[in-house]
Peer 1: 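Have a look at the structure that comes next, please.
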Amino acid sequence: MITATTTESIITPRVIASPSSWIEGEAIRQLEQTARLPGMRAAVGLPDLHPGKGYPIGAVFLSERIYPALVGNDIGCGMALWQTELTARRFKPERAAERLQGLEGPWDGDLDAWRADWNLEPTPFDSALGTIGGGNHFAELQVIEKVLDETALAALELEPERLCLLVHSGSRGLGESILRAQVNQWGHAGLAPDSPEAEDYCARHDQALRWAEANRALIAARLLDALGTEAEQRLAVWHNGVEPVDWHGERLWLHRKGAAPADRGPLVIPGSRGSLSYLVAPTGDGETSLRSLAHGAGRKWKRGEARARLSGRQRPEDLAVTALGGQVICEDKELLYDEAPESYKGIERVIGDLVAAGLCHPIATLCPVLTYKVRKAEHQRPGRARQTERRRR
DNA sequence: ATGTGC
């Protein structure tokens with residue numbers, strides 16, 4: 001007798017990392033668990049693989065279904081790189097730092113025009129447009145430290161003497177609200193691609209992608225304005241999201257969970273604020289890595305763990321300048337410790353593993369000069385700051 | 001990651 005039930009074959013996840021790369025057991029368990037979800041066709045851990053909330057970060061999944069919970073709350077989180085008109089030689093980090101104030105508060109420019117430029121409908125979260133947020137998000141001025149592929153650098157129109165601005169941020173409260181609504185209604189279930197619920201999620205997801213991209217652009221615009229300079233965007237990628245792909249003639253869904261795309265040209269893989277970032281060009285056919293690359297160095301210590309480990313030997317003021325000489329603006333103590341260079345794995349190993357696997361080749365290294373995270377907590381809540389002001393009048 | 005929490 002032929003039964004109606006289909007046998008779901010269990011796929012074996014792969015991890016792209018050298019044996020000496022330390023990866024937490026919990027991350028591997030999460031990778032294996034996620035690979036068992038119905039309709040999963042391939043799962044790959046990248047060298048920055050580490051545990052997340054239920055699902056691993058630094059991983060990519062190819063599936064017949066759409067898994068919003070796997071994408072997570074920060075839909076569209078990613079990186080964008082600008083070439084500024086600032087020259088490394090004449091840049092004064094201390095003076096620049098003084099000018100960078102209040103980027104946490106709402107932007108006072110023309111939001112309607114900005115939304116129109118980016119094809120965005122208004123959302124309840126738009127007062128956060130142009131704000132960096134917390135966690136590992138940042139805006140960082142960087143100097144090109146070493147050029148490894150002059151031709152590729154020139155093709156990207158990046159001049160070695162000019163400072164770069166790298167912005168890492170996402171969709172803030174918007175992405176979180178989309179995931180929350182999704183989980184409230186459907187739990188963590190995978191969505192059938194042509195269902196109304198999938199179409200609904202994809203529409204919101206794509207909106208969050210645009211919102212996050214517009215957010216990074218506005219963060220850059222505000223920061224550049226404060227410094228009295230201009231810049232041109234050179235690169236932009238997202239590393240949290242899902243997209244339909246043609247996989248050997250079949251339509252499948254590629255989930256990137258803290259994984260950068262390897263099919264959209266060069267990109268920056270950032271280290272911690274105390275290490276280099278790598279501008280790389282993807283290589284290979286994308287088959288083994290599911291068209292993806294590591295999205296950063298990868299967290300070594302969980303959030304909240306760093307302060308206990310570091311506060312005995314490093315005071316907050318010690319963390320304001322890194323080993324590479326970069327200045328750090330972070331007036332939130334917990335965040336200052338959480339995002340300390342020691343909280344991250346070495347970026348060199350991550351890049352080394354990718355190169356050894358034939359997945360990318362380095363174009364240049366970027367050295368942090370000034371990292372902006374957050375000013376004082378009272379400036380963080382847009383609404384509250386305004387209320388305080390109103391009360392004073 | 002998050003107007004993150006009563």
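Keep in mind that this is a model prediction, so the values were computed, not measured. Values below: all heavy atoms of this structure, side chains included; hydrogens, waters and symmetry mates excluded.
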Peer 1: Please tabulate, for side-chain N and O atoms in residues 149-159 of chain A, each donor-acceptor pair with protein atoms closer than 3.5 Å (sequence neighbours left out).
Peer 2:
| residue | atom | partner | partner atom | Å |
| --- | --- | --- | --- | --- |
| A:D149 | OD1 | A:T151 | N | 3.3 |
| A:D149 | OD1 | A:A152 | N | 3.0 |
| A:D149 | OD2 | A:H361 | NE2 | 3.2 |
| A:E159 | OE1 | A:R162 | NE | 3.3 |

Peer 1: Whole-Å distance between B:dT4 C1' and A:L179 CG?
Peer 2: 14 Å
Peer 1: Starting at NE2 of A:H239 and ending at P of B:dA1, how long is that distance when rounded to a whole Å?
Peer 2: 8 Å
Peer 1: Rounded to whole angstroms, how far apart are NE2 on A:H295 and P on B:dA1?
Peer 2: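 It is 7 Å, rounded to the nearest whole Å.
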Peer 1: Remember a base hit wins even if backbone is also touched, and classify A:G135 as base, sugar-phosphate or nothing at under 4.0 Å, heavy atoms.
Peer 2: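 Sugar-phosphate contact only - A:G135 comes under 4.0 Å of backbone atoms but never of a base.
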Peer 1: A:I132 has an atom CD1; how far is it from atom C1' of B:dA1, in whole Å?
Peer 2: 15 Å
Peer 1: So what does A:G175 touch, heavy atoms closer than 4.0 Å: a base, only the sugar-phosphate, or nothing?
Peer 2: nothing
Peer 1: Looking only at side-chain N and O atoms, does A:T131 offer a donor or acceptor that is under 3.5 Å from a partner on A:E104?
Peer 2: no
Peer 1: Would you kindly give the CG-to-C1' distance between A:D126 and B:dT2, to the nearest whole Å?
Peer 2: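 Between C1' of B:dT2 and CG of A:D126: 16 Å.
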Peer 1: Identify whether any heavy atom of A:G52 sits under 4.0 Å from a base atom; if not, whether one sits that close to sugar-phosphate; answer base, sugar-phosphate or nothing.
Peer 2: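 Nothing: the residue A:G52, judged by heavy atoms under 4.0 Å, touches no strand.
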Peer 1: Please report, rounded to the nearest Å, how far the P atom of B:dA1 is from the CD atom of A:E339.
Peer 2: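 Atom-to-atom, A:E339 to B:dA1, this comes out as 6 Å.
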Peer 1: Can you find a side chain N or O atom of A:R172 that sits less than 4.0 Å from OP1 or OP2 on B:dA1?
Peer 2: no
Peer 1: Would you mind reading off the distance between A:R180 atom CZ and B:dG3 atom P, rounded to a whole angstrom?
Peer 2: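 Going from CZ in A:R180 over to P in B:dG3 covers 9 Å.
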Peer 1: Has the side chain of A:D74 got a donor or acceptor atom sitting under 3.5 Å from an opposite partner on the base of B:dA1?
Peer 2: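 Answer is no: no donor-acceptor pair is held.
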Peer 1: Would you please name every residue forming a side-chain contact (heavy atoms from CB on, under 4.5 Å) with A:R315, sequence neighbours left out?
Peer 2: A:E317, A:D318
Peer 1: Could you tell me the separation between the CD1 atom of A:I57 and the C1' atom of B:dT2, rounded to a whole number of Å?
Peer 2: 14 Å
Peer 1: Between A:I16 and A:D353, is there a side-chain heavy-atom distance shorter than 4.5 Å?
Peer 2: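 A side-chain contact under 4.5 Å is absent here.
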